[in-house]
There are 2 protein chains.
Amino acid sequence: MASSQNDRSEGSGLKLDEFLCFAVYSANHAFNRVYQPLLQKLNLTYPQFIAMIVLWTEDNLTVGELGGKLFLQTNTLTPMLKRLEALEYIERRRDGTDERQVRIKLTTKGRKLQAKASDIICSVRSATELEDKQMAQMVRDIGALRHSLAGHGRS
Amino acid sequence: MASSQNDRSEGSGLKLDEFLCFAVYSANHAFNRVYQPLLQKLNLTYPQFIAMIVLWTEDNLTVGELGGKLFLQTNTLTPMLKRLEALEYIERRRDGTDERQVRIKLTTKGRKLQAKASDIICSVRSATELEDKQMAQMVRDIGALRHSLAGHGRS
DNA sequence: TTATAATATGTCGCATACGATATAATCGCT
DNA sequence: AGCGATTATATCGTATGCGACATATTATAA
């Protein structure tokens, strides 16, 4: 019959496992799944945690500057930053010189999180099962990939 | 004063650019941004496209089997598959032998998409600016990373 | 056999991401 | 000075992902 239960047509030479995009896609989910339960102790989501890493390094950024570092736009960041503000980890305040800009400042509470984050970062680092050298190389390679993809179509 | 405009405290040795998780996170977004406008012609989102790649390779999978290949759960897949069904790219039907299972079958319309997808895949492949060898190596490395992260905590 | 456990899928709430669009502030040009 | 263009942020709608939970079907065991 035409619609037997077991007809699995091998239709193409395209196998998902050979797609770089899928490797990145699924690895990103895997990171999320490792981080998420660890970050619950800090009341942070994984994207929020990444934003906090930036702020721990450089405080008092505008929303746009933060977005530049995260490769995210303000329509994504604004709601996230409002949640971080509700948690009292950051403050959002209009810049006095240019009222269009909103500056993000860590609160004391937000700054204190950094110590607890270190343990989590170490845990995840060990979960990757990579040597420092290999990890650094992957960071460079994947960063270059991101750059190529972002520059795609640019002059 | 305590709250000058320009106080940017260099607070830590943690730089976002050195995080493997962020490299993966931002590369994933970059892939999404390259694919998304190309996929609009097919009325597919990027995750939908990835699911279709699996179905083009192996038809008549259950929701669970598809999820196993995508590393996604049914609570994510069910709504997506309903949208693909609404687009008439797939059909969802309960398995006669085991009524718990839902089998996903490509429609003719869905099968036809594959030809158009090839061009898009080629475009993105060239946007990565990687040689075949390098790309294959990255796929292996990132796949191994995903595997390590997924196995984290298992016996 | 029949109550209970296990399995497969689905629903709901929440938090991203992003395109399209809105709003407000500043800039640039005359 | 003033007005149109630009810039910075925010709002809205849609589509993921996932935890928690609900439902239905099948398997298992007393």
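Every chain is numbered from 1, with letters handed out A, B, ... down the list of sequences.
An OP1 or OP2 oxygen of D/dT16 is reached within less than 4.0 angstrom by a side-chain nitrogen or oxygen of B/Arg83. Look at B/Gln73 and you won't find any side-chain N or O under 4.0 angstrom from OP1 or OP2 of D/dG17. Close to D/dC18, at under 4.0 Å from its OP1 or OP2, lies no side-chain N or O of A/Tyr46. Checking the phosphate oxygens (OP1, OP2) of C/dT16, a side-chain nitrogen or oxygen of A/Thr45 falls inside 4.0 Å. Side-chain nitrogen and oxygen atoms of A/Thr74 include none within less than 4.0 Å of the OP1 or OP2 phosphate oxygen of D/dT9. Applying the 4.0 Å criterion to OP1 and OP2 of D/dT9, one finds that A/Gln101 has every side-chain N and O outside that range. Remark: B/Gln48 is not in phosphate contact with D/dA15, judged by side-chain N or O atoms under 4.0 Å from OP1 or OP2. The shortest distance between the side-chain N/O atoms of B/Lys82 and the OP1/OP2 oxygens of C/dT11 is below 4.0 Å.
As judged by a 4.0 angstrom heavy-atom cut-off over every strand, B/Asp98 is placed among residues touching the sugar-phosphate backbone only. Among the protein residues, B/Leu72 comes within range of the sugar-phosphate backbone only, with heavy atoms under 4.0 Å from sugar or phosphate atoms but none that close to a base.
Nearest heavy atom pair, residue B/Leu149 against residue A/Val34, reads O-CG2, 3.4 Å.
As rounded to whole Å, 12 Å separates atom C1' of D/dT16 from atom CG of A/Asn32. Protein atom CG of B/Asn43 is 11 Å distant from nucleotide atom P of D/dA15, rounded to whole Å. Rounded to whole Å, the distance from CD on B/Glu65 to P on C/dT7 is 15 Å. Summarising the geometry, the separation between CZ on A/Phe31 and P on D/dG17 is reported as 17 Å, rounded to the nearest angstrom. Nucleotide C/dC12 holds its P atom 18 Å from the CG atom of B/Leu77, rounded to whole Å. One interatomic measurement links the two molecules: CZ of B/Arg94 to P of D/dT26, which rounds to 10 Å at whole-angstrom precision. Here the C1' atom of nucleotide C/dA20 and the CD atom of B/Gln40 are 11 Å apart, to the nearest Å. Atom CZ of A/Arg93 is separated from atom C1' of D/dT9 by 17 Å (rounded to the nearest Å).
We find that A/Arg92 and A/Glu85 are joined by a salt bridge, their nearest charged nitrogen and carboxylate oxygen being less than 4.0 Å apart.
Nearer to the 5' terminus of DNA chain C, by closest-nucleotide assignment, is the contact made by B/Leu81 (compared with the other of B/Leu81 and B/Arg33). Of the two residues contacting DNA chain D, namely A/Ala30 and A/Arg92, the nearest-nucleotide position lying further toward the 5' end is that of A/Arg92.
The listed nucleotides are D/dT9, C/dT11, C/dT16; the one nearest the side chain of B/Thr78 is C/dT11. Here the side chain of A/His29 is nearest to one of C/dG10, D/dC18, C/dT16, namely D/dC18. For A/Glu99, whose side chain is taken as the heavy atoms from C-beta onward, the closest listed nucleotide among D/dA15, C/dA25, D/dG19 is C/dA25. Here the side chain of A/Pro47 is nearest to one of D/dT9, C/dA17, D/dA20, namely C/dA17. Minimum atom distance to the side chain of A/Thr76 is reached by C/dT16, of the listed D/dC18, C/dT16, D/dT26. Closest to the side chain of B/Arg100, out of C/dT16, C/dA6, C/dT26, is C/dA6.
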_Please determine whether side-chain contact (heavy atoms from CB on, under 4.5 Å) holds for the pair B/Phe31 and A/Leu20, giving the CA-CA distance in whole Å, both sets of side-chain angles, and the decisive distance to 0.1 Å._
CA-CA 9 Å; B/Phe31 266 118; A/Leu20 182 55; 4.0 Å; yes
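One donor-acceptor pair, N or O on each side, does fall under 3.5 Å between the base of C/dG19 and the side chain of A/Asn75.
Using the six-membered ring where Trp is involved, B/Tyr25 and A/Tyr46 have ring planes that are perpendicular, over 60° apart on the 30 and 60° scheme.
Partners of B/Arg33 under the side-chain hydrogen bond (donor to acceptor under 3.5 Å, both in side chains) rule, at least two apart in sequence or in another chain, do not exist in this structure.
Here the rule is side-chain hydrogen bond (donor to acceptor under 3.5 Å, both in side chains) with A/Arg103, and of A/Asp98, A/Asp95, A/Asp59 only A/Asp95 fits it.
For the atom pair CG of B/Leu113 and CG of B/Leu106, the computed distance is 9.0 Å after rounding to the nearest 0.5 Å.
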